[in-house]
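Read through the structure below, which is laid out as structure tokens, and then see the notes.
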Amino acid sequence: HVSAGEYVENIDFTGKDISLIGNPDNPEEVVIDGGGDGSVVVFSNGETNEAVLSGFTLQNGGNVHQGGGVYCNNSYPNLLNLIVRENMSASGGGGIYYSGDRESLISMENLQVIGNQSSGAAGIMLYEGEISISNSTISNNSSQRDAGGIWCGENTISTFDNLIITDNDCSRDGGGIYYINHSEASLSNSHISGNVAGAQGGGLFLSCWENEDGILNLHNCEIYENTGRSVIYFAYASAQIDHVTLHHNISHHQIINLTNSECVFNNCTVSDSRTGWFIVQAECSTVIQNSIVYNNDIWGLFPEQGELAEI
């Protein structure tokens, strides 16, 4: 256990499956400051899920390619009760960077990932492997390219539950969450709000152009007050959207943009949004059932190419 205080250092677990515990009930009391030079905490020597990091504020990591706050490569620690704030990286994962495989699960719970910056994937960058993130807030992160909040990349199997993804921004696609060529993704019981994308997917962006077997299950989520050319963007995707509410979003062109995708919207509500079209789709199969669309400042439904399988 680590006593309350502020420590200026960089920590490397060096393959040791140990538990490093600060104050899980109040992580602001135990601060590890990376001094702007290096990742604050590193796991890169095969640490297993017996390794635990809990109860710290990790701040001021920088001058690294990836993972200003936490850098995790082919290791599977439990990251619990952490504040990861005001870190920077050059290319991805300003707050947290993870790359692994499907042999083991990495778990992140009760995190606050706040105010991090990167040229891409400012909050959390996930690349390959199986990942669980729950009961966490990802907010006020800023990316110069894609993925203001979370970047969920190639060959990932991700389970996200009870997340607040808010007030993140990026210059290109995916203000809140950016999925690219993932394998399986589940996002449930979460709020996506106030995020801004310079291009597509102010709230959520998904493209599986290199992995058309990738699937997303979006359940019981609220998506509101996001801004972008679209609020939700799916390309070459298979998605099941169930009990999702979209409201008070601002889109420059359409609320939902679908390209070469198969999507089912069930028990959804879209209201009080400003945009051009409700849905723009090209070469898609789309089902909309048991859903309500009302009080939007929109031109209407614009299918372009493909067909609406059911409304």
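If you're wondering where the values come from, they're calculated on a predicted model, not measured in any experiment.
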Taking the side chain as every heavy atom from C-beta outward, state whether Phe13 and Asn45 have any pair of such atoms under 4.5 Å apart. no
Using atom types as modelled, flag every donor-acceptor pair under 3.5 Å from a side chain in residues 77-88 to any protein atom, sequence neighbours excluded.
| residue | atom | partner | partner atom | Å |
| --- | --- | --- | --- | --- |
| Asn78 | ND2 | Asn49 | O | 2.8 |
| Asn81 | OD1 | Asn110 | ND2 | 3.2 |
| Asn81 | ND2 | Ser54 | OG | 3.0 |
| Arg85 | NE | Gln59 | OE1 | 3.0 |
| Arg85 | NH2 | Gln59 | OE1 | 2.9 |
| Asn87 | OD1 | Asn60 | N | 3.0 |
| Asn87 | OD1 | Gly61 | N | 2.6 |
| Asn87 | ND2 | Leu58 | O | 3.2 |
| Asn87 | ND2 | Arg85 | O | 2.9 |
| Asn87 | ND2 | Asn116 | OD1 | 3.1 |

Just by modelled atom types, is the Pro27 backbone N or O under 3.5 Å from a matching donor or acceptor in the Thr57 side chain? yes
Between the side chains of Asp272 and Asn295, is a donor N or O closer than 3.5 angstrom to an acceptor N or O? yes
Donor-acceptor contact below 3.5 Å, side chain Asn10 vs main chain Ser39: yes
Side chain to side chain contact (heavy atoms under 4.5 Å, CB included) partner of Thr156, the single match among His182, Glu130, Glu184: His182
Is the closest side-chain heavy-atom distance between Ser118 and Ser143 below 4.5 Å? no
Applying ring pair (Phe, Tyr, Trp, His ring centres under 6.0 Å) to Phe265 and not counting sequence neighbours gives none
Within the distance-only criterion (no hydrogens, no angle test), does the side chain of Ser238 pair as donor or acceptor with the backbone N or O of Ile215 below 3.5 angstrom? no
Distance only, no hydrogens: is a donor on one side chain within 3.5 Å (strictly under) of an acceptor on the other, for Thr159 and Ser132? no
Side-chain donor-acceptor contact under 3.5 Å, Asn140 with Asp167: no
Verify whether one side chain among Gln144 and Ser119 offers a donor that lies under 3.5 Å from an acceptor in the other. no
Count the heavy atoms of every other residue, nucleotide or ligand shown that sit under 6.0 Å from CD of Glu9, and state whether that count exceeds 12. yes
Using 30° and 60° as the class limits, which term best fits the ring planes of His191 and Tyr224: parallel, tilted or perpendicular? perpendicular
Considering only residues two or more places apart or on different chains, which pairs with a residue in residues 146-160 satisfy salt bridge (Lys or Arg N to Asp or Glu O under 4.0 Å)? Asp146-Arg172
List the residues meeting salt bridge (Lys or Arg N to Asp or Glu O under 4.0 Å) with Asp173, not counting sequence neighbours, and say none if there are none. none
Within the distance-only criterion (no hydrogens, no angle test), does the side chain of Asn249 pair as donor or acceptor with the backbone N or O of Ile255 below 3.5 angstrom? no
For Asp101 and Tyr76, which I'm curious about, is there any donor-acceptor pair between the side chains at under 3.5 Å? yes
Is the ring pair His243/His219 parallel, tilted or perpendicular, if the boundaries are 30 and 60 degrees? perpendicular
Less than 4.5 Å apart, any side-chain heavy atom of Asn181 and any of Tyr236? no
Does Ile11 reach the side chain of Leu53, with side-chain heavy atoms less than 4.5 Å apart? no
Is the closest side-chain donor-acceptor distance between Gln200 and Ser230 under 3.5 Å? yes
Can you confirm whether Ser188 sits close enough to Asn220 that some side-chain heavy atom of one is under 4.5 Å from a side-chain heavy atom of the other? no
From Ser89, Ser99, Ser44, residue fulfilling side chain to side chain contact (heavy atoms under 4.5 Å, CB included) relative to Tyr71: Ser44
Thr227 vs His252, test: side chain to side chain contact (heavy atoms under 4.5 Å, CB included). Steps then yes/no. CA-CA 8 Å; Thr227 303; His252 306 310; 4.0 Å; yes
Side chain to side chain contact (heavy atoms under 4.5 Å, CB included) between Asn73 and Gln66: does it pass, once the steps are laid out? CA-CA 10 Å; Asn73 183 38; Gln66 296 161 325; over 6 Å; no
Stepwise, does the side chain to side chain contact (heavy atoms under 4.5 Å, CB included) test hold for Ser273 with Val231? CA-CA 10 Å; Ser273 294; Val231 176; over 6 Å; no
I'd like to check Ile106 versus Tyr98 (side-chain heavy atoms, cut-off strictly below 4.5 Å). Are they in contact? yes
Can you check whether Asn195's main-chain N or O pairs, donor with acceptor, with Asn226's side chain at less than 3.5 Å? yes
Minimum side-chain heavy-atom gap Leu111-Ile96 below 4.5 Å: yes
Between Asn162 and Ser134, is there a side-chain heavy-atom distance shorter than 4.5 Å? no
Quick one: which residue pairs count as a salt bridge (Lys or Arg N to Asp or Glu O under 4.0 Å) with a foot in residues 220-244, not counting sequence neighbours? none
Thr166 (side chain) donor-acceptor with Ser193 (main chain) under 3.5 angstrom: yes
Name all residues meeting the side chain to side chain contact (heavy atoms under 4.5 Å, CB included) criterion together with Val244; count only those two or more places apart in sequence or in a different chain, and write none if there are none. Leu218, Cys221, Ile223, Ile241, Leu246, Cys268
